[in-house]
Amino acid sequence: MNILHIDSSPRRESHSRQLSEAIVERLLEVAPGASITRRDLGADPLPQTEAQYAAALASPATLAAPPMGSLDLSEVLIREVEAADAIVIGTPMHNLTIPSVLKAWIDQILRVGRTMKSTPAGKVGMLLDRPVFIGVASGGFFTGERANQPDFLTPYLSLALSSIGLRTQQFLPLQGTAFLDRSQAISEGQNARRSRPDRHERVSSPLPVALQFCRAPISRVAMPLCFREPRQEHFEGAPQAFGARIRTLRPRPDH
């Protein structure tokens, strides 16, 4: 099993990073020998759309004969997705939506003729489905009874992923982080990793409860997709290029 782990916060100790790490740890309980491809968009951001890439996407004719090298980065990022059996995304909510670094990644993997095709009925994904777990951290509240701001992140990211074929999605919102004491949040978060909740529904509570969520069973719809037969679209060389890192985790004694 290969997990593509993406973070998009510029802060090393961010809540979204803690949340995505907890999701990965939960997946490793199911598949302790899994390999992880790490794409840290916060620490190593991708370039915004460049002129050559925009020129390549301008029309079917330019896509058929793109400028040399214009699609190289896009191809590497798409192959990372194709090589993954599960994808984990950690993202903060910036001004009601995703950070620009995550948008830059999306702009590279949504490519007509490669990951999606246009039809009279709309865009149709060309990639095989696989589960995507999205940990969202927000300083305020955007869902539930305490919501006091709109949520453009969830519908946008859900539609973007679905448009290339990634329809099995699980959002884990972590809200109200602006009201958490940092030292208390880290301490309680570490304690939460050792406990199990009674429920595993959509979470909209502070950090400790969100981390407890990750100790609960992962979606019964999502997990079977992680263990399908290897796909023809896997490409072993792609993840090492353009800043991605691979590490293989061995089974741990307590699992």
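Residue numbers start at 1 and run along the sequence shown.
With respect to the salt-bridge test (charged N to carboxylate O, under 4.0 angstrom), the residues Asp40 and Arg17 qualify. Arg79 and Glu75 are joined by a salt bridge, as a carboxylate oxygen and a charged side-chain nitrogen come within less than 4.0 angstrom of each other.
Not a single donor-acceptor pair under 3.5 Å links the side chain of Asn2 to the backbone N or O of Asp85. At least one donor-acceptor pair closer than 3.5 Å links the side chain of Thr177 to the backbone N or O of Ser138. With Gln175 contributing its side chain and Phe142 its backbone, the two residues share a donor-acceptor pair below 3.5 Å. Not a single donor-acceptor pair under 3.5 Å links the side chain of Arg167 to the backbone N or O of Asp129. Under the 3.5 Å distance criterion, the side-chain polar atoms of Tyr53 are left unmatched by any main-chain donor or acceptor of Leu73. Proximity of a side-chain donor or acceptor of Thr115 to a complementary backbone N or O of Ile109 within less than 3.5 Å is detected. Ser8 contributes a side-chain N or O that, together with a main-chain N or O of Gly90, makes up a donor-acceptor pair within less than 3.5 Å.
The neighbour count for Asn148 CG, taken as heavy atoms of other residues, nucleotides or ligands under 6.0 Å away, is above 12.
How far CD of Glu50 is from CG of Asp107: 12.0 Å, rounded to the nearest 0.5 Å. Separation of atoms CZ (Phe133) and CG (Leu27) is listed at 5.0 Å; rounding is to 0.5 Å. Rounded to the nearest 0.5 Å, atoms CG (Leu19) and CD1 (Ile89) are 12.0 Å apart.
Connectivity analysis of hydrophobic side chains (ILVMFWY, heavy atoms under 4.5 Å, direct or indirect) links Phe152 to Leu96.
The two residues Ala43 and Arg12 come nearest to each other via the heavy atoms CB-NH2, 3.4 Å.
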